[in-house]
Amino acid sequence: MTRVYKSLVTNICKEMSCYSDFPFREDYPNYMRQEKFWNYIQEFAEHFDLLKYIRFRTTVRSVTKRPDFSETGQWDVVTETEGKHETVIFDAVMVCTGHFSDSHLPLESFPGIHKFQGRILHSQEYRSPEGFEGKRVLVIGLGNSGGDIAVELARTTAQVFLSTRTDTQIVYRFSYGGYPVQMMSKRRYLHFTTQILPSCVQNWIENRRPNKIFSHENCGLSLTKRKWKLIVNDELPTSILCGTVTVKTSVKEFTETSAVFDNGTVEENIDVVIFTTGYTTSFPFFEEPLKSLCTQKIFLYKFVFPSNLERATLAIIGHIFLTGSILTAAELQARWATRVFKGTLTPSKEPCSQLSL
């Protein structure tokens with residue numbers, strides 16, 4: 001089950017992360033703690049009287065095509081509730097599990113990690129800084145979670161080391177005049193300029209803007225490469241400048257108590273290693289070859305419909321990476337999928353390209 005740390009704050013402002021037919025309440029802040037966002041989901045379900053259609057505490061064990069699938073497009077779905085199994089026939093299936101359920105812990109990529117005597121965990125297991133007081137913590141991976149966890153732990157630990165192998169651009173949640181950054185950056189004229197300017201000019205502009213306030217290169221977050229990763233974090237630059245967070249290169253190997261980095265530096269007496277190395281996509285309830293085809297997203301037309309099925313009655317919702325809100329993208333996918341299920345639209349059978357959204 002996916003869980004989040006207590007201090008989590010949304011990265012997309014509420015004006016651009018709500019369902020189109022249910023805006024956030026006016027008294028909600030522009031960026032919300034996780035409990036506020038959870039309240040919004042509950043309010044949405046109650047407003048549209050959805051709870052009566054939902055079976056909670058139910059596990060989907062298998063989703064398989066019926067013998068007459070080529071004619072009916074129907075599925076046999078086996079569920080488990082309180083130890084009891086039930087098989088139900090469905091006309092269509094939408095898989096909305098997202099891609100943050102199965103943690104990716106690449107221990108085999110770090111020589112000596114099995115000799116390490118300290119604590120090892122994935123960011124999915126992290127909840128709060130309690131229990132890390134006075135520790136020397138190494139966070140591997142600089143994404144949004146890695147930045148958040150490093151900043152929070154820096155307030156109570158002896159030292160936090162943040163290891164990254166990619167160039168990273170840090171974006172603040174606020175922009176000119178204190179407005180949410182998405183409200184200022186998502187403009188028509190800016191979209192127009194990206195269509196006409198050469199990529200080299202766009203890269204120069206994008207690299208120049210963030211360094212006006214905070215020199216990424218001086219803090220180990222060089223933007224010299226053509227491609228870099230973007231994260232949203234208001235406090236990480238301050239933590240780096242104050243020395244509570246130290247940016248390091250990739251980890252070369254581990255010893256019993258230390259970490260050796262690619263640039264030859266060594267940090268001794270590491271107590272905890274937290275991997276913020278993302279997640280893997282899995283569909284344990286499908287049979288082969290459907291399971292593998294859905295995992296390899298190049299076989300999903302527009303990242304939604306498996307291209308090998310005779311009938312388009314299966315849709316994968318929310319299994320995409322994008323810079324905006326997953327809620328808005330999932331809503332558009334769901335609108336399309338339900339129209340296909342009803343027969344008002346017919347998707348192409350050609351597989352989608354490998355380009356990410």
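- Residues Phe24 and Phe37 are in side-chain contact: their nearest non-hydrogen atoms beyond the backbone lie under 4.5 Å apart.
- Shown here for Ser17 and Ile12, the closest heavy-atom pair between the two residues is OG-O, 3.7 Å.
- You'll find the side chain of His319 stays beyond 4.5 Å of the side chain of Leu300, heavy atoms only.
- Looking at His85 and Val78, their side chains come closer than 4.5 Å, going by heavy atoms from C-beta outward.
- Screening Leu314, Thr313, Ile316 for a side chain to side chain contact (heavy atoms under 4.5 Å, CB included) involving Val93 leaves a single residue, Leu314.
- Tyr40 and Leu50 end up in the same hydrophobic cluster when Ile, Leu, Val, Met, Phe, Trp and Tyr side chains are linked at under 4.5 Å.
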Steps toward side chain to side chain contact (heavy atoms under 4.5 Å, CB included) verdict (Phe56, Leu51): CA-CA 9 Å; Phe56 293 98; Leu51 296 178; 4.0 Å; yes

Worked check of side-chain hydrogen bond (donor to acceptor under 3.5 Å, both in side chains) between Glu15 and Asn30: CA-CA 7 Å; Glu15 291 82 2; Asn30 295 103; 2.9 Å; yes

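- The 12-atom threshold is not exceeded at NZ of Lys252, counting heavy atoms of other residues, nucleotides or ligands nearer than 6.0 Å.
- The backbone N or O of Thr166 sits less than 3.5 Å from a side-chain atom of Thr164, completing a donor-acceptor pair.
- Between the Gln159 side chain and the Gly243 main chain, a donor and an acceptor come within less than 3.5 Å of each other.
- Here the OG1 atom belonging to Thr87 is positioned 12.5 Å from the CZ atom belonging to Arg61, to the nearest 0.5 angstrom.
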Derivation of the side chain to side chain contact (heavy atoms under 4.5 Å, CB included) call for Ser123 and Ile149: CA-CA 8 Å; Ser123 56; Ile149 293 173; 3.7 Å; yes

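- Between Thr328 and Cys18, the shortest heavy-atom distance links the atoms CG2-O, 3.5 Å.
- Between Ser239 and Thr244, some side-chain heavy-atom pair lies under the 4.5 Å cut-off.
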Derivation of the side-chain hydrogen bond (donor to acceptor under 3.5 Å, both in side chains) call for Tyr5 and Glu152: CA-CA 10 Å; Tyr5 39 94; Glu152 184 171 57; over 6 Å; no

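- Among all heavy-atom pairs drawn from Ser175 and Val181, the shortest one is CB-CA, 3.8 Å.
- A side-chain N or O of Thr58 and one of Thr81 form a donor-acceptor pair less than 3.5 Å apart.
- The distance from atom CG of Leu153 to atom OG of Ser7, rounded to the nearest 0.5 Å, is 9.0 Å.
- Going from atom OG of Ser282 over to atom NE2 of His99 covers 12.5 Å, rounded to the nearest 0.5 Å.
- Side chain of Thr10 to main chain of Met32: a donor-acceptor pair is present (N/O by atom type, distance under 3.5 Å, no hydrogens or angles).
- Note: Thr168 OG1 to Ile231 CD1 = 6.0 Å, rounded to the nearest 0.5 Å.
- A 4.5 Å side-chain heavy-atom check between Lys36 and Lys14 finds every atom pair outside the cut-off.
- As a member of the Ile/Leu/Val/Met/Phe/Trp/Tyr network built from side-chain separations under 4.5 Å, Val273 groups with Leu105, Leu107, Phe110, Ile113, Phe116, Ile120, Leu138, Ile140, Phe161, Val251, Phe254, Phe261, Ile270, Phe275.
- Between Asn11 and Val171, the closest side-chain pair of non-hydrogen atoms is not below 4.5 Å.
- A distance-only check finds no donor-acceptor pair linking the side chain of Asp262 to the backbone of Thr249 [under 3.5 Å].
- Val245 approaches Ala150 most closely through the heavy-atom pair CG2-O, 3.8 Å.
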Which atom pairs, donor and acceptor, lie under 3.5 Å between side-chain atoms of residues 336-343 and protein residues at least two apart or in another chain?
{"unit_1": "Thr338", "atom_1": "OG1", "unit_2": "Ala334", "atom_2": "O", "d": "3.0"}
{"unit_1": "Thr338", "atom_1": "OG1", "unit_2": "Arg335", "atom_2": "O", "d": "3.0"}
{"unit_1": "Arg339", "atom_1": "NH1", "unit_2": "Arg335", "atom_2": "O", "d": "3.0"}

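- Here the closest non-hydrogen pair linking Ser325 and Leu322 is O-CD1, 4.0 Å.
- Within the model, atoms CD of Glu235 and CG of Asp148 stand 8.5 Å from one another, a figure rounded to the nearest 0.5 Å.
- The closest donor-acceptor contact from the side chain of Lys65 to the backbone of Ser70 lies at 3.5 Å or more, if one exists at all.
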Audit row: Asn144, Asn233, side-chain hydrogen bond (donor to acceptor under 3.5 Å, both in side chains) steps and yes/no: CA-CA 7 Å; Asn144 287 309; Asn233 198 299; over 6 Å; no

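- Ring geometry for Phe22 against His47 counts as tilted: the plane angle lies between 30° and 60°, on a 0 to 90° scale.
- Annotation: ring pair (Phe, Tyr, Trp, His ring centres under 6.0 Å) contacts of Tyr19 (sequence neighbours excluded): Phe44.
- Between the side chain of Gln333 and the backbone N or O of Gly318, at least one donor-acceptor pair lies under 3.5 Å.
- Between Phe132 and Ile274 there is a side-chain heavy-atom pair separated by less than 4.5 Å.
- Linking Ile, Leu, Val, Met, Phe, Trp and Tyr whenever their side-chain heavy atoms come within less than 4.5 Å puts Val88 and Val60 in one cluster.
- Under the rule for a side-chain contact (heavy atoms from CB on, under 4.5 Å), the partners of Glu35 that lie at least two apart in sequence or sit in another chain are Arg33.
- Counting heavy atoms of neighbouring residues, nucleotides and ligands inside a 6.0 Å radius, atom CD of Glu82 does not exceed 12 of them.
- By the neighbour-count criterion of 12 heavy atoms within 6.0 Å, atom CD of Glu71 is sparsely surrounded, having that number or fewer from other residues, nucleotides or ligands.
- Applying the under-4.5 Å side-chain rule to Ile, Leu, Val, Met, Phe, Trp and Tyr, the cluster around Val266 extends to Val260.
- For the side-chain contact (heavy atoms from CB on, under 4.5 Å) test, residues two or more places apart in sequence or in another chain that qualify with Ser103 are His122, Gln124, Tyr279.
- Once rounded to the nearest 0.5 Å, the distance linking OG1 of Thr257 with NZ of Lys115 reads 10.5 Å.
- Ring orientation note: the planes of Phe283 and Phe286 are close to parallel, at an angle under 30° on the 30°/60° scale.
- Here Glu125 does not pair with Arg119 in a salt bridge; the nearest charged N to carboxylate O distance is not below 4.0 Å.
- Phe305 and Leu332 are assigned to two separate hydrophobic clusters, defined by single-linkage of ILVMFWY side chains at heavy-atom distances under 4.5 Å.
- Proximity of Ile320 to Val304: side-chain heavy atoms (C-beta onward) are nowhere separated by under 4.5 Å.
- Counting non-hydrogen atoms of other residues, nucleotides and ligands closer than 6.0 Å to CZ of Phe48 gives a total above 12.
- The two residues Val4 and Arg127 have their closest heavy-atom pair at O-CD, 3.9 Å.
- Comment: Lys6 does not engage Glu130 in a salt bridge, judged by the lack of any side-chain N to carboxylate O separation of less than 4.0 angstrom.
- A donor-acceptor pair under 3.5 Å links the side-chain atoms of Arg136 to the main chain of Glu268, judged by distance alone.
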